[in-house]
There are 2 protein chains.
Amino acid sequence: MPAVRLSDAEWTVMNAVWDREPATARDVLDAVVDETAWAYTTVKTMMDRLVDKGALKARRSSAAVVYRPAVTREKARRSAMRSLAERAFGGAFGPMAHMLLEGRGLTAKERRELKRLLQEDHDRRRTGSGQ
Amino acid sequence: MPAVRLSDAEWTVMNAVWDREPATARDVLDAVVDETAWAYTTVKTMMDRLVDKGALKARRSSAAVVYRPAVTREKARRSAMRSLAERAFGGAFGPMAHMLLEGRGLTAKERRELKRLLQEDHDRRRTGSGQ
DNA sequence: ACAATGCTTCTACATCTGTAGTATCATGCC
DNA sequence: GGCATGATACTACAGATGTAGAAGCATTGT
């Protein structure tokens, strides 16, 4: 499984679909109308291409085609991260996380949250509560 | 400054240049020879395009053109991360870091290191030793 | 000064991405 | 059953990316 590569515009479309779950091209157009100035056919073309790519599934429902994700947002995110780690960080997640934390990109709240996460993870590991 | 967007192949080239600092097209070709099967002119073309993009600087040194980075690896990495956060995580670094930490992508050592980082950062903040 | 060797420059071309027009098809209302 | 409305399918086209050939220019040893 080649792990669907999404382009910028495709992320925009997929995000709209993930937020609505079943969505028609018109739904997506409406959803992104103030983010982009796309024509209806632009959205439609992208969605059909996404079906080809295996990122969306299409099913005709009388009037129009209804699309829904063929991959979860999680999966897509994860594979985008993996791919970034690959090309930009030589495959290592560590330095990537490092940069993420060290920079001023996080809010104090997020930082707290992450620390908690690390702590939890640490505990989970030492008590061996797998899964 | 539009923040240089690097494609996959371009990352490969840039990584080789960053590792060598001044590098000719041949240097890069040699460096990536077992990763790719590129022809010399392929590398050369990419490097010249990277100059146009503002990612490399070129200077002719008698025989051949010597290239060096016009942006630091840090900057490139950072902007790639920003761009990923943008499209895939709605602009928030938090969830991105979250996913990075929660997944099994990190080694125990890295996890320790990150916790230390967060702690340090925390301390730095409360003692107000800003930059 | 000349030839060999290796660079450079130009050009090319297939694919992917972003964007959309046009013409055709289906549906639902009178 | 015919027509308006909106959706679909097909085609297009420019710019970016991946990949490279061909031909010409510079260096350097002799």
Side-chain angles (χ1 to χ4, degrees), chain A residues 2-17 22-68 76 80 83-84 86-88, chain B residues 2-17 22-68 76 80 83-84 86-88:
Chain A
V4 273
R5 266 321 182 94
L6 302 176
S7 73
D8 271 28
E10 288 171 343
W11 271 103
T12 303
V13 169
M14 289 301 291
N15 280 328
V17 177
T24 64
R26 185 142 307 269
D27 290 341
V28 171
L29 179 61
D30 291 348
V32 305
V33 79
D34 36 45
E35 225 182 314
T36 71
W38 288 338
Y40 173 86
T41 47
T42 299
V43 174
K44 183 67 165 126
T45 300
M46 284 196 294
M47 292 179 85
D48 289 337
R49 284 184 187 165
L50 283 165
V51 170
D52 292 346
K53 275 198 182 186
L56 287 179
K57 281 175 299 184
R59 178 201 303 275
R60 169 166 233 128
S61 170
S62 87
V65 172
V66 172
Y67 300 83
R68 60 189 74 232
S83 139
L84 178 59
E86 216 75 36
R87 350 179 214 176
Chain B
V4 273
R5 274 307 190 105
L6 302 175
S7 74
D8 271 28
E10 287 171 345
W11 270 103
T12 302
V13 170
M14 288 302 292
N15 280 328
V17 177
T24 64
R26 184 143 307 269
D27 291 340
V28 170
L29 179 61
D30 291 347
V32 303
V33 80
D34 36 43
E35 225 182 315
T36 72
W38 289 336
Y40 173 86
T41 47
T42 299
V43 174
K44 183 69 165 123
T45 299
M46 285 196 294
M47 293 180 85
D48 288 337
R49 284 183 185 167
L50 282 165
V51 171
D52 291 346
K53 276 200 182 184
L56 288 179
K57 281 175 299 184
R59 177 203 304 275
R60 169 165 233 127
S61 170
S62 85
V65 172
V66 172
Y67 299 83
R68 62 189 72 229
S83 138
L84 178 60
E86 215 76 37
R87 351 179 213 178

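Keep in mind that the numbers below use all heavy atoms, side chains included, and drop hydrogens, waters and symmetry copies. These numbers come from a predicted model, not from an experiment. So you know, we letter chains A, B, ... as the sequences are listed, proteins then strands, and number each from 1.
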Asks: Under the side-chain contact (heavy atoms from CB on, under 4.5 Å) rule, what do B:R26 and B:L29 come out as? Steps first, then yes or no, please.
Replies: CA-CA 5 Å; B:R26 184 143 307 269; B:L29 179 61; 4.2 Å; yes
Asks: Output yes when a side-chain donor or acceptor of B:D27 lies under 3.5 Å from a complementary backbone atom of B:T24, and no otherwise.
Replies: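 A pair under 3.5 Å: yes.
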Asks: Can you check whether B:L6 reaches B:L50 side chain to side chain, under 4.5 Å on heavy atoms?
Replies: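 A side-chain contact under 4.5 Å exists here.
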Asks: May I ask you to check whether B:D48 and B:T45 show a side-chain donor-acceptor distance below 3.5 Å?
Replies: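 B:D48 vs B:T45: no donor-acceptor pair found between side chains.
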Asks: Give me the distances for all protein-to-nucleotides 4-6 of chain C N/O pairs that come in under 3.5 Å?
Replies:
none

Asks: Flag the pair A:N15 / B:R87 as yes when at least one side-chain heavy-atom distance between them is below 4.5 Å, and no otherwise.
Replies: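 No, too far: nothing below the 4.5 Å cut-off.
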Asks: Is the shortest heavy-atom distance from the side chain of A:V17 to the side chain of A:M47 under 4.5 Å?
Replies: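 A:V17 reaches A:M47 side chain to side chain.
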Asks: Rounding to a whole Å, what distance do you find between B:L50:CG and D:dG18:C1'?
Replies: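 Distance check: B:L50 CG to D:dG18 C1' gives 13 Å.
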Asks: Summarise protein proximity over nucleotides 9-21 of chain C in one line of letters, 5' to 3': B for base, S for sugar-phosphate only, - for none, counting protein heavy atoms closer than 4.0 Å.
Replies: B--B----BBBBB
Asks: Can you tell me if B:T36 uses its side chain to pair, donor with acceptor, with the backbone of B:V32 under 3.5 Å?
Replies: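 Yes; at least one donor-acceptor contact below 3.5 Å.
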Asks: Quick one: does any side-chain atom of B:K53 pair with a main-chain N or O of B:V4 as donor and acceptor, under 3.5 Å?
Replies: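 No: the side chain of B:K53 does not pair with the backbone of B:V4.
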